[in-house]
Structure formats: C-alpha cells, structure tokens
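This chain uses plain numbering: 1 for the first residue, then up along the sequence.
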Amino acid sequence: MEEFSKISFQEISKRDMLIIIKALEYTGENTKIPSFIELKDNIVTQLSKLANSTEEEFLEYLQK
C-alpha cells in the first residue's frame, strides 16, 4: 500500500459529502466528543474556501 498524507475529496459526490458532514455533526453532538465537531468544521471551512463561498452558502449548495 502506498503511503499518503492527504486525501482528495474530488471523487466524492455532493450527497456523500453532505452525509459525512451530517454524520460528524450528529456523532459529535451525541457523544460529546469535540473531535467530531472540529473535524466537521475543518472540512466545511476548507471546502467553502475552495468554493470561494461562505460556509453557510457551501452547506446550502450541498443540500440542493
């Protein structure tokens, strides 16, 4: 197996990305483990920057 330090999201569909984000949020809220919320926030922040949009606009785009 090849080693890598970063993973690309370009092959993940909008629907799958939204499910990942919602799952991280749900898990963080229900387990009270902050790492899940932090990971969700980091993903949303990075992807919204790539899309040149606000985090709210990016989440709305995923939900369409």
Using a 3.5 Å cut-off and no angle test, enumerate the donor-acceptor pairs between side-chain atoms of residues 56-64 and protein atoms at least two apart in sequence or in another chain.
from, atom 1, to, atom 2, distance (Å)
Glu57, OE1, Thr54, N, 2.9
Glu57, OE1, Thr54, OG1, 3.4

Interatomic spacing from OG1 in Thr27 to CD1 in Ile33 - rounded to 0.5 Å:
8.5 Å

Atom of Glu55, atom of Thr45 and distance for their closest heavy-atom approach
OE2-OG1, 2.8 Å

Check the surroundings of atom NZ in Lys14: do more than 12 heavy atoms from other residues, nucleotides or ligands lie under 6.0 Å from it?
yes

CZ (Arg15) and CG (Leu18) are apart, to the nearest 0.5 Å, by 9.0 Å

Please list, chain by chain and in numerical order, all residues satisfying side chain to side chain contact (heavy atoms under 4.5 Å, CB included) with Leu50, sequence neighbours excluded.
Leu47

Closest approach of Leu24 to Lys40 (non-hydrogen atoms, all atoms of both residues)
CB-CB, 3.8 Å

Closest approach of Ile37 and Glu25, non-hydrogen atoms and distance?
CD1-O, 3.7 Å

Does any N or O in the side chain of Asp16 come within less than 3.5 Å of the main-chain N or O of Ile12, such that one atom is a donor and the other an acceptor?
no

